[in-house]
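Have a look at the structure below before the remarks.
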Amino acid sequence: MKRINLVILLLMLMTGFYSYGQKYYHAKTAGQIGQNPYYILPKASLLIEVPVITKTYTPSPNLPTDISPENLKILKEKYGLDLSVYVKVEKQTPYISHSVMNDSVKISILAKPDLDKIFYTEGQKKWNKDKSISFAYGTDGILTDGESSSKDMTFDIVVKGLSGLAQVAGAAFRGTEKSKVKDSLVTYNELDDILKELDKLRIVISDYDIYKDNKSMLEKRYASVFSTLFYSEKVKIEVIKIYYTPANLSINSDLTVKPFSFNSTNGVITLSQALSDQLWAKNLQFGSIDIGQTYTLKFSKPVEGVEKYIQSGPNSTGFAYNIPAKLEVKLTAPGEKNIFNDFMKIPQFGTIGRIISDKNKLSFSLDPLTGELRKLGLGSSAITVDQVGAGTTALTELIKYQDAKLDLEIKRLEAEKKKRDLLKELE
């Protein structure tokens with residue numbers, strides 16, 4: 001029994017010597033990484049998709065001029081004439097308007113490598129040959145668990161409230177009462193005929209698909225005739241993609257930034273010069289933003305989570321992962337109109353967690369967007385021949401010594417027994 005206990009004790013001592021955990025260091029310079037295994041944690045980049053509408057109105061050569069205010073009102077109600085457009089094109093001058101579809105602005109989170117959060121482990125350590133290091137990388141070298149997900153960020157435009165010529169006679173389509181006016185300027189027989197056919201559709205056709213097809217055909221006819229009498233309208237929608245990557249900072253209260261402004265006169269978006277190190281957009285310029293037409297991002301005070309209880313020391317050598325702050329994010333359009341409101345996780349506003357363990361096996365899964373810890377496994381491998389190493393010889397010699405000592409003891413006891421037996425025979 002003594003022999004067995006001694007062997008177990010020696011094995012425990014040697015296992016403890018070889019099982020201390022892997023260390024991970026925060027890289028401050030490129031030279032520190034060298035040939036060592038490393039990984040990069042992600043930071044959040046907000047993709048703001050802004051649909052800009054450009055409408056071009058071209059007056060018809062037949063456009064009537066000098067119409068009385070009373071008749072203009074009738075044209076608006078009966079045929080869908082836009083009075084603000086009419087004023088612009090009355091002198092046979094094309095008119096271009098620019099606006100943002102505020103109710104279709106989108107904000108989504110993308111992951112970018114945070115070059116301030118590069119961590120490495122010493123792969124050349126002698127004891128490290130008995131430990132496995134397995135890093136799976138996603139896009140841009142961001143550490144993940146080998147799983148990746150992709151999302152189609154193509155803008156899905158939902159056109160709402162457009163005053164296209166297919167809808168230009170909206171008032172008439174709703175069954176507005178027709179005004180009886182003698183002035184010929186407010187009576188256009190061809191338009192009236194189409195409106196009458198539209199009115200009949202609701203009564204004559206009961207099949208929805210047939211109704212929809214016929215209605216679309218009549219609206220196109222109406223738009224064609226309207227353009228020959230008054231003006232034509234061409235609509236172009238361009239989705240501007242703006243990437244905003246907040247700087248790494250700890251916030252304990254609300255944070256408000258003004259990333260860009262929109263000029264409704266020329267349709268130009270200007271990025272804030274004050275955020276030039278955090279903003280990027282293709283073919284957009286930085287400059288002084290127009291305060292009156294500025295869009296505002298507000299990050300409300302973080303929702304307290306586990307990060308409240310974790311204070312990661314700067315000199316910690318455990319495995320590092322992100323603990324992002326969860327905030328309410330709002331985007332406000334000019335005029336204080338809130339057009340986006342959602343909760344988002346921003347690693348830059350959170351902290352770094354560390355896993356410190358004396359186990360020699362670490363398995364993990366990180367969220368590829370936020371760098372959060374999703375799965376963790378800790379364990380120790382069984383002792384191997386290599387781990388025993390130089391201790392094997394000493395252990396073998398010790399066992400041999402104990403065996404020899406035990407044999408001597410057995411021989412001594414056998415001799416004592418023979419001696420007692422002989423003494424009894426002599427009595």
Side-chain angles (χ1 to χ4, degrees), residues 43-57 84-85 87-88 93-116 153 155 157 160-162 234-302 325 327-342 344 346-349:
K43 59 182 176 181
S45 180
L46 276 63
L47 170 58
I48 309 172
E49 297 175 276
V50 185
V52 176
I53 305 175
T54 300
K55 297 180 181 178
T56 303
Y57 299 93
S84 62
V85 174
V87 172
K88 300 289 185 180
T93 303
Y95 167 56
I96 300 176
S97 70
H98 307 276
S99 61
V100 172
M101 295 174 62
N102 286 325
D103 57 351
S104 293
V105 172
K106 289 186 177 182
I107 299 181
S108 53
I109 290 287
L110 301 177
K112 292 183 63 178
D114 191 339
L115 300 184
D116 291 331
M153 295 298 180
F155 195 88
I157 297 178
K160 301 176 182 179
L162 289 181
K234 181 179 179 181
V235 179
K236 176 185 177 183
I237 301 178
E238 182 182 7
V239 179
I240 307 298
K241 296 185 177 182
I242 301 172
Y243 297 85
Y244 170 56
T245 307
N248 292 352
L249 54 92
S250 177
I251 61 174
N252 297 313
S253 59
D254 293 349
L255 173 67
T256 301
V257 296
K258 299 181 182 297
F260 64 92
S261 65
F262 175 75
N263 189 323
S264 59
T265 301
N266 55 24
V268 173
I269 290 179
T270 302
L271 302 179
S272 172
Q273 185 66 49
L275 299 173
S276 60
D277 60 333
Q278 302 173 45
L279 287 170
W280 183 88
K282 186 177 181 180
N283 299 328
L284 291 188
Q285 301 296 321
F286 288 93
S288 299
I289 57 178
D290 188 338
I291 300 300
Q293 301 188 70
T294 298
Y295 284 74
T296 303
L297 266 174
K298 182 177 181 181
F299 300 91
S300 293
K301 187 177 179 180
L327 308 98
E328 184 179 17
V329 181
K330 293 181 180 180
L331 180 64
T332 305
E336 302 299 320
K337 180 184 178 183
N338 186 34
I339 60 176
F340 179 88
N341 189 356
D342 201 357
M344 292 184 170
I346 313 293
Q348 296 94 303
F349 299 155

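Bear in mind the structure is a predicted one, so any value in this text is a computation, not a measurement.
- In this structure K258 satisfies the salt bridge (charged side-chain N to carboxylate O under 4.0 Å, His left out) test with no other residue, sequence neighbours excluded.
- Across all their heavy atoms, T265 and N263 have their closest contact at N-OD1, 2.8 Å.
- The shortest side-chain heavy-atom distance between V100 and I339 does not fall under the 4.5 Å cut-off.
- For the pair S261 (side chain) and D290 (backbone), a donor-acceptor distance under 3.5 Å is present.
- A side-chain contact (heavy atoms from CB on, under 4.5 Å) with I107 holds for exactly one of V50, L47, L331; it is L331.
- Residues satisfying the ring-ring contact (aromatic ring centres under 6.0 Å, His included) criterion with F340, sequence neighbours excluded, are absent altogether.
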I would like to know whether I269 and I242 meet side-chain contact (heavy atoms from CB on, under 4.5 Å); could you show each step before the answer?
CA-CA 10 Å; I269 290 179; I242 301 172; 4.1 Å; yes
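- You'll find the side chain of S300 stays beyond 4.5 Å of the side chain of L327, heavy atoms only.
- Scored by the side chain to side chain donor-acceptor pair (under 3.5 Å) test, S272 finds no partners at all (sequence neighbours excluded).
- Rounded to the nearest 0.5 angstrom, M101 CE and I237 CD1 are separated by 5.0 Å.
- With sequence neighbours left out, F262 forms a ring-ring contact (aromatic ring centres under 6.0 Å, His included) with no residue at all.
- Between K241 and A281 the shortest heavy-atom distance is O-CB, 3.5 Å.
- Partners of T270 by side chain to side chain donor-acceptor pair (under 3.5 Å), not counting sequence neighbours: none found.
- Applying the side chain to side chain donor-acceptor pair (under 3.5 Å) test to D254 and every residue at least two apart in sequence or in another chain returns nothing.
- Between Q285 atom CD and L271 atom CG the span is 8.5 Å, to the nearest 0.5 Å.
- Partners of D116 under the side-chain contact (heavy atoms from CB on, under 4.5 Å) rule, at least two apart in sequence or in another chain, are D114, N248.
- Atom CG of residue L279 and atom CD1 of residue I48 lie 7.5 Å apart, to the nearest 0.5 angstrom.
- Relative ring orientation between F260 and Y295 is described as parallel, the plane-to-plane angle staying below 30° on a 0-90° scale split at 30° and 60°.
- Residues forming a side chain to side chain donor-acceptor pair (under 3.5 Å) with T93 (at least two apart in sequence, or on another chain): none.
- Residues forming a ring-ring contact (aromatic ring centres under 6.0 Å, His included) with F286 (at least two apart in sequence, or on another chain): none.
- Rounded to the nearest 0.5 angstrom, K55 NZ and I96 CD1 are separated by 13.5 Å.
- Listed here is the closest heavy atom pair of V268 and N266: N-OD1, 3.0 Å.
- A heavy-atom distance below 4.5 Å is not found between the side chains of E238 and T54.
- Closest non-hydrogen pair, Q348 versus A44, comes out as NE2-O, 2.7 Å.
- Residues passing the side-chain contact (heavy atoms from CB on, under 4.5 Å) test with N283: none are found, sequence neighbours excluded.
- Put simply, the side chain of Q293 never gets that close to the backbone of P334: no donor and acceptor are under 3.5 Å apart.
- Atom CD of residue E328 and atom CG of residue D342 lie 9.0 Å apart, to the nearest 0.5 angstrom.
- Legend: residues meeting ring-ring contact (aromatic ring centres under 6.0 Å, His included) with Y244, ordered by chain and number and at least two apart, are absent.
- Rounding to the nearest 0.5 angstrom, the gap separating the OG atom in S45 from the CD atom in Q278 is 10.5 Å.
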Start with the C-alpha distance between I109 and L46, add both sets of side-chain angles, then the distance that settles side-chain contact (heavy atoms from CB on, under 4.5 Å), and finish with yes or no.
CA-CA 5 Å; I109 290 287; L46 276 63; 3.6 Å; yes
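- Side-chain atoms of T56 and K236, non-hydrogen and from C-beta on, never get closer than 4.5 Å to each other.
- For T256, the side-chain contact (heavy atoms from CB on, under 4.5 Å) partners are T296, K298, not counting sequence neighbours.
- Side-chain contact between P302 and F349 is absent, with no heavy atoms from C-beta onward closer than 4.5 Å.
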